[in-house]
Number of protein chains: 2
Amino acid sequence: MNLKALSEKLGLSPTTVSRALNGYPEVSDATRRRVLDAARRYHYRPNTRAKSLATGRTMSIGHVIPLSTKHEMVNPIFADFIAGAGETYSRAGYDMSLSVVRDEDEARVYRELAQNRSVDGIIVHGPRVDDPRIGLLQELGLPFVVHGRASETGAGYSWLDVNNRRAFARATRFLLDLGHRRIGLVNGIETMSFAHRRRLGHEDALSAAGIGPDPALMRAGEMTEPYGHAAACEMLELDRPPTAFLTSSFLAAMGVRRALEDRGLKPGRDVSILTHDDVLSYLANEGDVPLYTAVRSSVRAAGRRCAEMLLDIVTDPDHAPIQEIWEAELVLGQSTGPAPA
Amino acid sequence: MNLKALSEKLGLSPTTVSRALNGYPEVSDATRRRVLDAARRYHYRPNTRAKSLATGRTMSIGHVIPLSTKHEMVNPIFADFIAGAGETYSRAGYDMSLSVVRDEDEARVYRELAQNRSVDGIIVHGPRVDDPRIGLLQELGLPFVVHGRASETGAGYSWLDVNNRRAFARATRFLLDLGHRRIGLVNGIETMSFAHRRRLGHEDALSAAGIGPDPALMRAGEMTEPYGHAAACEMLELDRPPTAFLTSSFLAAMGVRRALEDRGLKPGRDVSILTHDDVLSYLANEGDVPLYTAVRSSVRAAGRRCAEMLLDIVTDPDHAPIQEIWEAELVLGQSTGPAPA
DNA sequence: AATCACACCCAAAGCGCTTTGGATATATCG
DNA sequence: CGATATATCCAAAGCGCTTTGGGTGTGATT
């Protein structure tokens, strides 16, 4: 059942039927009702490809996922982000198109998407420090929103970021206030913008307290449970081990916890753990008193909002760049306590 | 730069250029080379929408993700599956189209996809016992592959499943052999086909050993860490607590471990844990001796394979249904040991 | 020299939709 | 009543590609 068939059934021209369906004013209310009725009765669905060929708009948003050997983008954080963005898209009638591409193909794919407008806009995931993708996309004129930020100022393009620097400064400050002086930082890969900022925040708070950064107490790596475990194990072997850990992800925090328990140390009493919590749906940190003290910001909510921002920009091409920075909340859980004497 | 422009530059008709690019034989080698050359030089990329409108093929595969309030499909397992499937798609030049849809819209979305062929085929995620989607898709004539199985026989459609029943029977048998008689089952939601089968496998092994199933030792729920923790806590409060746990996911196993550690119990010595392991990239169960004893099957590999199967079916419409069942391997880790006397 | 078979190329239709630029009928107005 | 709006509809072109159904020129065959 296509437009032509439907219009024949109605004894109208395709033009009129198209206008009736798309809410143009040049059609009487009576006919419009008749058309809408028939469309429903015959289960008419416009062919999206034909529609987008004619209009130039595709009603679909691209997410390009680098398939790196070095770095795993398809991670749990990504999944929750997608879920959030997907909600927004489906409400607005948009589709989501995922391309998993090897690093070396990434630029090519962007150019391709831009050249024949396969998508109306794209979301940039996992920005690195001074990420080249931003410049490329600006040059290509393809609307985009970055989840995170690539540069310090983040001027000239749209992004939504958590105030990672402030969050980690606050977290560190909180641990310092509890008397901790040796804090192990278990960070993400620091070429990633978010991890870089977290590192800076951590050092901000340390230096404000007159403490110099200690490389022995800092790790950067893929944020997995085994990584958290390994990092904590190493640091706990030091002559003067940390009395607290600050981790960049929930999974890493779980690894740290395991390292403590290996040694019969109790989190929150013997050693404190403070983690960033992305509020992943299947890693809830809830309960009367949450398990972990955490700086918290929902990545799913971020997905929803990024998608909204992008749709705004896509529907209004001269929309000014939208930039949003979210403050993480610091929630108290069971995993922190005063530094042991 | 489109076909027409390119053909003008070459002084050829669009027909010939199209044929040259798509490898038809009706064009001389010399012209073909000339065309391919020019295409590269001018960065010509055929417009996918126009192409698919003309051919009827879209070069894209749909993944429909139910956005349920009850059940969270966008979970870590899903992310890894997507990563695997995405690899296959990108190699074959296909795109992946994700639709996050509310439960009540699911059938509508399938009908829509089928009616105007927005995708060449789809992957069905998270089949439930006697899942109505199978029948619907068969009726719609849209090629599809199920990750899992909906019915016992699984006849008449394509699927790739882990032998969940056998895996859990083996796992249970293994625990029984170690002397465990009270085994806590921490399963997924049992309306899901995979969880249902795992339950059956568990009971197979129990009854083979002359042990009746004990409802007090069985839980079914969303496979999260807190769920694993809560389930284990409850069971450990029983008068005769289990000496071993069999869990359906790595995250749940981590919750169980935490419950043990809360009580000062050591996994593998005081209480055993055996889990299903999907070999998620960020939850590696590796090392000289893995942390957990597990029945293991990579969901990422499954994603790759499902995508391959679907592409086979899509490219050859009269392809017979492909059905594959994978045996999980049972790997020994540190989390199991003989039942305490 | 006429015939045939190829190899090579092209014009034009068609995929399903939107949109431009009228056409026609009805209502409004001086 | 004729002129002018206004409301309602339509024919046809166009989006960028593929594909059908020829057409033309060359060399081989008779």
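Computation of the quantities below employed the complete heavy-atom set of this structure, encompassing side-chain atoms and omitting hydrogens, waters and symmetry-equivalent molecules. First the proteins, then the strands, lettered A, B, ... as listed; each starts at 1.
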For B:Thr31, report the nucleic acid contact type (base, sugar-phosphate, nothing); a contact means any heavy atom under 4.0 Å. sugar-phosphate
Rounded to whole Å, please give me the gap between CG in A:Asp29 and P in D:dC9. 10 Å
Which is more 5' along DNA chain C, the nucleotide nearest B:Ala54 or the one nearest B:Pro25? Just name the residue. B:Pro25
Distance check needed: D:dA7 P versus A:Arg19 CZ, whole Å only. 14 Å
From CG of A:Leu12 over to C1' of D:dA11, roughly how many Å is that when rounded to an integer? 14 Å
Nearest heavy-atom neighbours spanning A:Ala302 and A:Leu160: O-CD2, 3.5 Å
Quick one: are B:Val64 and B:Val101 in side-chain contact, heavy atoms under 4.5 Å? yes
First-last contacting nucleotides on DNA chain C - partner chain B, under 4.0 angstrom, heavy atom: C:dC8 to C:dG16
Look at the aromatic rings of B:His63 and B:His125 and report parallel, tilted or perpendicular, splitting at 30° and 60°. tilted
Heavy atoms only, 4.0 Å cut-off, all strands: where does A:Thr15 land among base, sugar-phosphate and nothing? base
Please compare A:Thr55 and B:Pro14 by the position of their nearest nucleotide in DNA chain D and report the one closer to 5'. A:Thr55
Sidechain N-carboxylate O distance under 4.0 Å for A:Asp37, A:Arg34: no
For A:Arg149 and A:Val162, which heavy atoms make the closest approach, and how far apart are they? NH2-O, 4.3 Å
Looking at A:Ser13, does any N or O in its side chain come under 4.0 Å of the phosphate oxygens OP1/OP2 on D:dC10? yes
Which sits closer to the 5' end of DNA chain C, A:Asn2 or A:Glu26, going by the nucleotide each is nearest to? A:Asn2
What is the nucleic acid contact for B:Asn22, judged by heavy atoms within less than 4.0 Å: base, sugar-phosphate only, or nothing? sugar-phosphate
Validation row: B:Thr58, B:Tyr94 side chains within 4.5 angstrom (heavy atoms): no
Between the side chains of B:Asp80 and B:Ser281, is a donor N or O closer than 3.5 angstrom to an acceptor N or O? yes
Indicate whether any N or O donor in one side chain lies under 3.5 Å from an N or O acceptor in the other, for B:Thr15 and B:Ser18. no
Determine the contact category for B:Ser18: base if any of its heavy atoms lies under 4.0 Å from a base atom, sugar-phosphate if only primed atoms, P, OP1 or OP2 are that close, otherwise nothing. base
Compute the angle between the rotation axes at the two ends of the helix from C:dA1-D:dT30 to C:dG30-D:dC1, each taken over five pairs, rounded to 10 degrees. 60°
Would you mind reporting whether B:Val119 and B:Ile61 have side-chain heavy atoms less than 4.5 Å apart? no
